[in-house]
Protein chains: 2
Amino acid sequence: MAGAAHQAPPLFFLDAATGATGCNVLITSLDERAASHLSVSSSTSSRRSSTSASRGESNRRPTINDIARLAGVSKKTVSRVLNNSPFVREETRLRVNTLMQELGYTPDPQARGLAFRRSFLIGMVFDNPNAQMVVTMQEGVLAGLKGSGFELVVHACDRNDTDFLREVAAFVERQKLFGVIVLPPISENNALVDLLKERGCHYVRMASAVIDEPGNLVASTDSLATAEAAKHLADLGHTRIGFIAGPPGFRSREERRTGFLAGLKDRGIELPAKNIVDGAYTYESGIAAAEKLLKLSPRPTAIFASNDEMAAGVYHAARQLGLSIPRDLSVVGFDDTPVSRRLWPPLTTVRWPIHDMGRAAAQHLLRAATDQPPDDDSAVFPAFLVERESTASAPK
Amino acid sequence: MAGAAHQAPPLFFLDAATGATGCNVLITSLDERAASHLSVSSSTSSRRSSTSASRGESNRRPTINDIARLAGVSKKTVSRVLNNSPFVREETRLRVNTLMQELGYTPDPQARGLAFRRSFLIGMVFDNPNAQMVVTMQEGVLAGLKGSGFELVVHACDRNDTDFLREVAAFVERQKLFGVIVLPPISENNALVDLLKERGCHYVRMASAVIDEPGNLVASTDSLATAEAAKHLADLGHTRIGFIAGPPGFRSREERRTGFLAGLKDRGIELPAKNIVDGAYTYESGIAAAEKLLKLSPRPTAIFASNDEMAAGVYHAARQLGLSIPRDLSVVGFDDTPVSRRLWPPLTTVRWPIHDMGRAAAQHLLRAATDQPPDDDSAVFPAFLVERESTASAPK
DNA sequence: AATTCTTCTGACACCGGTGTCATTTGCCTG
DNA sequence: CAGGCAAATGACACCGGTGTCAGAAGAATT
């Protein structure tokens with residue numbers, strides 16, 4: 001019973017910063033010792049007892065004991081204040097809080113973690129398919145985590161490695177991560193997610209479709225956006241359209257493809273199989289795929305590439321064939337990475353709101369940290385078409 | 001005395017991964033409790049003593065006590081083995097090591113950190129001037145850290161914030177970071193570095209010039225590379241050259257500028273002041289700077305931009321004026337980011353070896369972790385010109 | 001065999017917090 | 001004013017490791 005929901009948000013006033021001036025120490029021990037380990041060691045020379053040195057201003061970080069002593073309470077009570085326990089008299093709480101502020105006390109996450117049997121670290125695991133995506137999302141996560149007391153540990157992995165699962169499990173377990181943010185495509189790996197669940201580790205999957213409960217998911221509406229893109233092209237009069245798909249094994253591939261085809265169907269267009277070509281989300285694969293499509297006769301008048309990198313490849317292929325974008329060929333991408341605005345003409349593309357998604361993922365985990373129920377509304381983010389100058393009416 | 005240099009490389013065999021199957025627990029406590037905190041708690045029911053349950057296969061991570069008990073030694077001895085203490089009999093060491101392998105034991109970094117008064121975390125702090133740079137360098141760092149037992153904590157900050165220093169100090173101190181990798185431009189902030197030194201925190205500065213001792217530095221030879229670029233342009237017959245500098249406050253701005261001017265001087269070319277324009281390392285600033293330069297008369301026949309983003313801006317400005325690259329205008333950039341190959345024509349640029357630099361930074365810190373002397377050779381990485389298709393002979 | 005070194009090892013306190021549970025305090029009731 | 005209950009607090013063990021230092025085990029010397 002006792003439905004106490006008082007687990008503290010570890011949101012401490014982040015203004016500690018005591019200035020520990022270095023003091024050199026002579027190392028004289030007999031047995032093992034981290035000899036010469038830290039060039040400057042802060043062994044605050046308060047050797048043993050020293051009953052009177054109570055208020056000695058030794059410049060080291062204050063500990064919970066310091067606060068307790070100065071506040072005239074036990075350290076357990078200080079701990080209660082830290083954790084927002086309701087069982088503390090207002091007066092006491094105030095006294096302790098004031099003292100903590102004055103001394104710039106911040107609890108030691110390691111010690112707290114040791115006792116809690118978990119850390120205050122959030123992991124972000126990814127198998128880098130797309131550097132730009134990783135940074136942007138990471139920026140979002142960092143923004144969401146800012147000031148929370150949680151820190152972000154990034155962990156790259158290789159989903160094709162035989163030890164993939166064990167390796168990630170070991171990482172999560174060793175660090176006793178509070179939560180993990182899993183980026184696509186490994187976010188679609190159910191074995192991985194099961195493993196996280198088993199370990200009682202909070203997690204958020206980043207995905208291109210709703211593949212989990214809202215609390216464990218941040219998704220974008222890829223298929224709706226590509227449907228929009230398809231209609232955009234159809235409405236410009238394009239009927240011979242090429243589609244470059246993502247690589248197998250990515251949920252985004254499926255979402256973007258089915259959405260696009262659905263959008264075309266809505267406008268009464270059915271795409272022949274030969275107009276759909278696989279890519280690998282890389283520039284080079286975009287070139288190859290576009291070359292294949294542009295060899296078709298009749299030649300497509302528009303190409304949708306499932307990401308911007310491949311769209312850049314389409315530009316390249318078109319240029320080689322002397323085709324002008326958008327006069328001879330309309331091109332649409334997906335992601336809205338910076339490249340899309342460096343290309344000429346600027347690429348019409350789908351804005352993939354990964355920064356916001358990253359921030360939302362962080363916030364989901366923070367809500368879990370404070371025992372708040374998941375915020376279902378911030379689980380799904382719309383992706384949408386950004387019209388620039390790479391699309392125009394179909395040539396006659 | 002006792003020049004023991006036996007502080008262990010915390011390079012454990014990374015194959016732990018015990019399969020903790022979840023077991024639901026009824027929460028019935030009276031006082032505070034992390035109620036409903038973890039949906040699945042692993043409270044291995046081994047309550048109190050239970051003298052006989054010694055080899056009970058309770059599926060939780062083995063601790064140092066488990067190893068000690070099973071090996072018939074004290075936990076201190078296990079600790080010695082972990083830390084490569086020379087004061088352990090070979091036979092004992094072998095027995096303990098075998099046991100650790102069998103059980104997949106990995107020491108708890110939090111507990112170890114608590115006792116050591118530092119963590120096994122490496123921080124990477126940056127004030128994001130360039131997303132691509134951050135992610136590439138980060139990849140390098142992760143590659144260098146792989147399998148070391150250290151994890152990377154990324155921390156974005158704002159160098160213009162009044163609390164900048166205190167905020168970073170608090171981060172370093174709270175997490176008791178073993179080391180910090182500081183990215184430009186804040187790597188050039190001496191106050192920040194002093195602060196790290198004071199706290200006995202290992203650090204590596206990433207920079208565009210040699211601004212610290214080899215052990216605390218990973219640098220690229222920006223000025224040599226831009227000198228090379230300058231000579232390249234001069235040798236193509238260009239004499240009217242525009243230079244777009246980085247923003248004030250970046251050491252890279254200075255290095256790239258002085259190197260470039262030195263290179264030109266070497267070929268007997270002196271640049272008038274009006275041919276040198278400030279940029280901000282952004283696309284937009286590149287456009288603006290190029291517009292300024294291309295208004296000069298006589299018009300420059302070549303422009304060097306201090307990074308690729310600004311070079312992309314030059315492409316844009318040139319296109320607006322109907323200038324063809326490289327026929328009417330040669331362009332050189334710096335960074336060799338992916339964009340440089342998406343542009344048309346592919347950009348001649350300086351390859352900035354930030355991936356390798358990131359890896360080296362990680363390795364520097366790992367050497368410090370194992371008390372090895374710094375490897376001076378891997379402190380400086382050459383940047384060098386990559387000729388592509390944006391440069392050609394000066395028009396007659 | 002007793003002594004004297006080394007080489008190894010373990011008991012115990014401690015790092016800085018939290019969980020458990022008994023105890024104290026404050027307030028209300030009878 | 002005693003009794004009873006809830007609110008508030010503290011003593012103590014514990015999380016999983018390491019530092020200190022005393023002491024045991026072996027090897028070399030007398």
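Not measured: the values here are computed from a predicted model.
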**Q** Ignoring the backbone of A:Asp108, work out which of C:dG16, D:dG16, C:dG10 is nearest its side chain.
**A**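 So the side chain of A:Asp108 is nearest to C:dG16.
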**Q** So, OP1 or OP2 of D:dT9: does either fall under 4.0 Å of a side-chain N or O from A:Ser74?
**A**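 No, because none of the side-chain N or O atoms of A:Ser74 sits under 4.0 Å from OP1 or OP2 of D:dT9.
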**Q** Starting from P on C:dT9, measure out to CD1 on B:Ile64 and report it in whole angstrom.
**A**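 Rounding to the nearest Å, CD1 of B:Ile64 and P of C:dT9 are 14 Å apart.
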**Q** Less than 4.0 Å between a side-chain N and a carboxylate O, is that true for A:Asp66 and A:Lys75?
**A**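 No salt bridge links A:Lys75 with A:Asp66.
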**Q** To the side chain of A:Ala115, which of C:dC21, C:dG17, D:dG16 is closest?
**A**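 For A:Ala115, the side-chain atoms sit closest to C:dG17.
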**Q** Taking CG from B:Asp66 and C1' from D:dC14, how many angstroms apart are they, rounded to a whole number?
**A**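 Between C1' of D:dC14 and CG of B:Asp66: 15 Å.
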**Q** Would you say the side-chain atoms of B:His155 and B:Glu167 include a donor-acceptor pair closer than 3.5 Å?
**A**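 Checked: B:His155/B:Glu167 side chains pair up, N/O donor to acceptor below 3.5 Å.
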**Q** Given atom CD of A:Glu90 and atom P of C:dG26, what is their separation to the nearest angstrom?
**A**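 Computing the A:Glu90:CD to C:dG26:P distance gives 16 Å.
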**Q** If each of A:Val88 and B:Leu114 is mapped to the nucleotide of DNA chain D with the nearest heavy atom, which maps nearer the 5' terminus, i.e. the 5' end?
**A**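 Per heavy-atom nearest nucleotide, the more 5' residue is A:Val88.
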**Q** Would you list the pairs meeting salt bridge (charged side-chain N to carboxylate O under 4.0 Å, His left out) in which at least one residue belongs to residues 89-99 of chain A, sequence neighbours left out?
**A**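 Checked against salt bridge (charged side-chain N to carboxylate O under 4.0 Å, His left out) - neighbours excluded - the pairs reaching residues 89-99 of chain A are A:Arg89-A:Glu91, A:Glu90-A:Arg93.
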**Q** B:Tyr105 pairs by side-chain contact (heavy atoms from CB on, under 4.5 Å) with which of B:Leu99, B:Val96, B:Leu82?
**A**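 Exactly one option meets the side-chain contact (heavy atoms from CB on, under 4.5 Å) with B:Tyr105, and it is B:Leu82.
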**Q** Can you tell me the distance, in whole Å, between the CD1 atom of B:Ile67 and the P atom of C:dT9?
**A**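 These atoms are roughly 16 Å apart.
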**Q** Could you check how far CD of B:Gln110 sits from P of C:dG17, rounded to whole Å?
**A**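 Rounding to the nearest Å, CD of B:Gln110 and P of C:dG17 are 13 Å apart.
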**Q** Which nucleotide in the list D:dG17, C:dG19, D:dG16 gets nearest to the side chain of A:Phe116?
**A**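 Within the option list, the nearest is C:dG19.
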**Q** Report the residue (B:Lys176 or B:Arg93) whose heavy-atom-nearest nucleotide on DNA chain C is the more 5′ of the two.
**A**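 The residue closer to the strand's 5' end, by nearest nucleotide, is B:Arg93.
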**Q** Please give, in whole Å, the distance from C:dC8 C1' to B:Leu94 CG?
**A**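 These atoms are roughly 16 Å apart.
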**Q** Without decimals, in angstroms, what is the distance between B:Lys75 NZ and C:dA13 P?
**A**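 After rounding, the reported distance stands at 12 Å.
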**Q** Under 3.5 Å, is there an N or O donor on one side and an acceptor on the other linking the side chain of A:Lys76 and the base of D:dG10?
**A**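 By the distance-only test, no, there is no pair.
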**Q** For the side chain of A:Arg80 and the base of D:dG10, is some donor closer than 3.5 Å to an acceptor across the two?
**A**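 Pair found.
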**Q** Distance-only, no hydrogens or angles: does the A:Arg199 side chain make a donor-acceptor pair with backbone N or O of A:Glu173 under 3.5 Å?
**A**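 It does not hold such a pair.
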**Q** Looking at B:Phe116, I'd like to know if the NZ or CZ of B:Arg118 sits under 6.0 Å from its six-membered ring centre while staying within 45 degrees of the ring's axis.
**A**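 Geometry flag: set, cation within 6.0 Å and 45°.
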**Q** Would you say C:dT9 has OP1 or OP2 under 4.0 Å from some side-chain N or O of B:Thr77?
**A**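 No, outside the criterion.
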**Q** What is the distance, rounded to the nearest whole Å, between atom CZ of A:Phe87 and atom P of C:dG19?
**A**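 In whole Å, C:dG19 P and A:Phe87 CZ are 13 Å from each other.
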**Q** For B:Ala111 and for B:Gly72, locate the closest nucleotide of DNA chain C by heavy-atom distance; then report the residue assigned to the nucleotide nearer the 5' terminus.
**A**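 Here B:Gly72 is the residue nearer the 5' end.
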**Q** Please step through ring pair (Phe, Tyr, Trp, His ring centres under 6.0 Å) for the pair B:Phe150 and B:Phe120, ending with a clear verdict.
**A** CA-CA 5 Å; B:Phe150 283 87; B:Phe120 295 90; 5.7 Å; yes
**Q** How far does the helix from C:dA1-D:dT30 to C:dG30-D:dC1 bend, going by the axes of its first and last five pairs, to the nearest 10°?
**A**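 Computed angle between terminal axes is 50°.
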**Q** Any base atoms under 4.0 Å from B:Val78, or only sugar-phosphate, or nothing? Heavy atoms, all strands.
**A**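 Since no nucleic acid heavy atom lies under 4.0 Å of B:Val78, the category is nothing.
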**Q** Taking the side chain of A:Leu82 as heavy atoms from C-beta outward, which of D:dT18, C:dT18, D:dA8 is closest to it?
**A**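 Nearest to the side chain of A:Leu82 among the choices is C:dT18.
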**Q** Does B:Arg112 place a side-chain N or O at less than 4.0 Å from the phosphate oxygens OP1/OP2 of D:dT18?
**A**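 Yes, because at least one side-chain N or O of B:Arg112 sits under 4.0 Å from OP1 or OP2 of D:dT18.
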**Q** Taking only side-chain nitrogens and oxygens of A:Thr92, does any of them come within less than 4.0 Å of OP1 or OP2 of D:dA8?
**A**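 For D:dA8, OP1/OP2 do not have a side-chain N/O of A:Thr92 under 4.0 Å.
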**Q** Between C:dG17 and A:Asn65, is there an OP1 or OP2 to side-chain N/O distance shorter than 4.0 Å?
**A**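 Answer no for this pair, as no side-chain N or O of A:Asn65 is under 4.0 Å from OP1 or OP2.
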**Q** Kindly indicate whether a cation-pi arrangement holds for A:Arg174 with A:Phe171, taking the cut-offs as under 6.0 Å to the six-membered ring centre and within 45° of the axis.
**A**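 Ring-cation test returns no.
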